[in-house]
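Sending over a structure as structure tokens; questions will come in a sec.
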There are 2 protein chains.
Amino acid sequence: MKETLTTISERTGFSITTISRVLSGKSKKYRISEKTSEFILKEAKKCNYSPNIIAQNLRTNKTDTIGVLMPSVANPYFAEMASVIIAEANCRKYTSIVIDSMEDEENQKKNLATLIARKVDGIIAAPCGSDPTLFEEIQKMQIPLVLIDRFFAGSHISYVTTNNYLGGVEGTNMLIRNGHKNIACIQGAKNSMPNKKRVAGYMEALRVAGLQDNAIIVGDEFSIQNGYMETKLLLGRKPRPTAIFSLSNTIGLGALKAIREAGLNIPDDISIISFDNNIYMDYLTPPISRMGQPVEEMAKLAVRLLMECIESKRNLCTQLELSPELISRDSVKNISSI
Amino acid sequence: MKETLTTISERTGFSITTISRVLSGKSKKYRISEKTSEFILKEAKKCNYSPNIIAQNLRTNKTDTIGVLMPSVANPYFAEMASVIIAEANCRKYTSIVIDSMEDEENQKKNLATLIARKVDGIIAAPCGSDPTLFEEIQKMQIPLVLIDRFFAGSHISYVTTNNYLGGVEGTNMLIRNGHKNIACIQGAKNSMPNKKRVAGYMEALRVAGLQDNAIIVGDEFSIQNGYMETKLLLGRKPRPTAIFSLSNTIGLGALKAIREAGLNIPDDISIISFDNNIYMDYLTPPISRMGQPVEEMAKLAVRLLMECIESKRNLCTQLELSPELISRDSVKNISSI
DNA sequence: CTAATCCGCACAATCGTTTGAGCAAAAATA
DNA sequence: TATTTTTGCTCAAACGATTGTGCGGATTAG
């Protein structure tokens, strides 16, 4: 039998109001006597009462729920991100609803509508596509919103992301320092901000080194398939690039497959550096050098930002860029001595 | 301005009841005229009405939401599982709430309570611990429940899992076929059913081959750390095992690290086969042989089972075991010729 | 001894839906 | 024309909580 305020009220003789106030810890505020208070608490415990959250939500217009929109949970990078967000939100008594747009704007729109209809208290989103209007509308509806990883230029929406430009520069520089002059870059979703910035960083590093004419930018998707295909094509070029900069972990995996199939050796025949830090990269042969993004930190910050928005009941506009970290392993060969 | 049935009612002059019936597609059933119907629909579209789901939930006692309890979303195996469940539920108009027990029974209890309080329509759970009472209580509350991956012996709760016993047998046999007689097994959470079954399969295969006295079973956690530590210890044994059977992908990664640190070569110095099928295993050197679990199929089946329970409003007791698949790569050496 | 204050609690409206029952007018039947 | 049936819609009660206001009685102040 499901207990409600009404059943307890009938059983104890106190009004629903009183029961509610006691059980929500407002006895003092509404001057309920100690005796009554304890009595009701004991009774509630005895019958194992737990409030109907749906009813609370309806009445208070608060759900203690946040929406988490990811572009592809299949990507370990976003899977980890979602996982940290869930845990972090949970610490703060928030429940998470995770949705996956699968990099499809239609899905994204539908799913966001679902979140809003479900009256989430706030949304953390890694958007897909390059159209900010959907998110600006959300902002206008006064729904707390924090973007993560991806964001829109010139928009007044809070976000936390990696300094992808810096990542692009440093990754490329690392290859240049090792004597590489013929560096190909395999990019992901072209219209996503992180991708644009990484590519810009790559170009800038080449430019500074006077290598801008050697730039090779290929690819269009953050997927294994894309990394595989583009690498196949790259390996057929003459002259063959001496190094590949893969702009995501998935692309990197695809590249590795292509390189292996070509019977080439890393780093002797070709060097590679990838974006993202996945633990298994250390177990590959050789371990892969990479630009790690501070996923955990970003996720935690995003939750924190969102909480601040929710509590202050207004959308702040805090835009954060965290530095990536170069993790140097053995997939880059120094060819400057040649 | 937020539109509700009331505002539309006031604006059009029709009663809330009529509006509600039209908008929920019950015009025929309740004999609302075509004209009225269309008028209301148009009006609703114009003002961009969307129903308050919370109010619907409260009234109908249905939330179109399922709870997904995972023991560790950090584990790629469960991350993929969660991802497929979310997508599959989404196809059927269900929203998922994912929670992570982090292999902690206290968390599990609290999180399950949250799910129930939020009135999810059903739960898909990969439980941690070995105590079924929590789940049997859920079953008694008439909440549709399907276990996935892990289950409890002798319990009448639906589940879908891999035939882990078979996986244990076949994995071990594969090593035996290749001439290995000294096979160590690194297990995960001892009280989880999949682990028990895998170990039982391992033992049985050894027994059939007359090798039961050579059995070495170590470890106690599905984690990289555990795989790493136990492998370190195994490598110090004399005689050193010629093969390792790792009972999860995480354990496998840890084992690889230890083997590499010891300066040993796979498969020349030691053979290894792991449970779980992660794409990156093909990119390791050498690619790792493994017992793949049909994660996607299991997840889809679990959702389907759950939906059937929800629709039939009773907990069926369907218990399914899907066969694992041996994925043969290059991490096992045939030493029978020696 | 009267007026003001405080204590302890209850009334009733509200959140936005859904739904069984009912009611007047129109249409069909007798 | 009188009766029945059908049509087209509305009433009002839920669902289970929260919350501003109010109301008697006890206590204190004047």
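Predicted model only: the values in this text are computed from it and were never measured.
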task: Answer with base, sugar-phosphate or nothing: what part of the nucleic acid does K29(A) contact at a heavy-atom distance below 4.0 Å?
output: nothing
message: Can you tell me how far apart CG (L5(A)) and CD1 (I8(A)) are? Round to the nearest 0.5 Å.
response: 6.5 Å
query: What nucleic acid atoms does T18(B) come within less than 4.0 Å of, heavy atoms only: base, sugar-phosphate, or nothing?
result: base
Sugar-phosphate only, base, or nothing, as touched by T36(A) at under 4.0 Å among non-hydrogen atoms: sugar-phosphate
message: OP1 or OP2 of dG16(C) versus the side-chain N and O atoms of Y49(B): is any pair under 4.0 Å?
response: no
- prompt: How would you label the contact of I16(B) with the nucleic acid (heavy atoms, under 4.0 Å): base, sugar-phosphate, or nothing?
  reply: base
message: To the nearest 0.5 Å, what is the distance between CD on E3(B) and OG1 on T7(B)?
response: 3.5 Å
task: Taking all heavy atoms of S72(A) and all of F78(A), pick out the closest pair and write down the distance.
output: O-CB, 3.5 Å
task: Pick base, sugar-phosphate or nothing for S33(B), based on heavy-atom distances below 4.0 Å to the nucleic acid.
output: sugar-phosphate
- prompt: Counting any heavy atom closer than 4.0 Å, what does K35(B) reach on the DNA or RNA strands: base, sugar-phosphate only, or nothing?
  reply: nothing
message: Assess, by modelled atom type and distance only, whether the side chains of T65(A) and R118(A) contain a donor and an acceptor separated by less than 3.5 Å.
response: no
- request: For F14(B), answer base if it contacts any base atom (sugar-phosphate contacts may also be present), sugar-phosphate if it contacts only those atoms, and nothing otherwise; contact means non-hydrogen atoms under 4.0 Å.
  value: sugar-phosphate
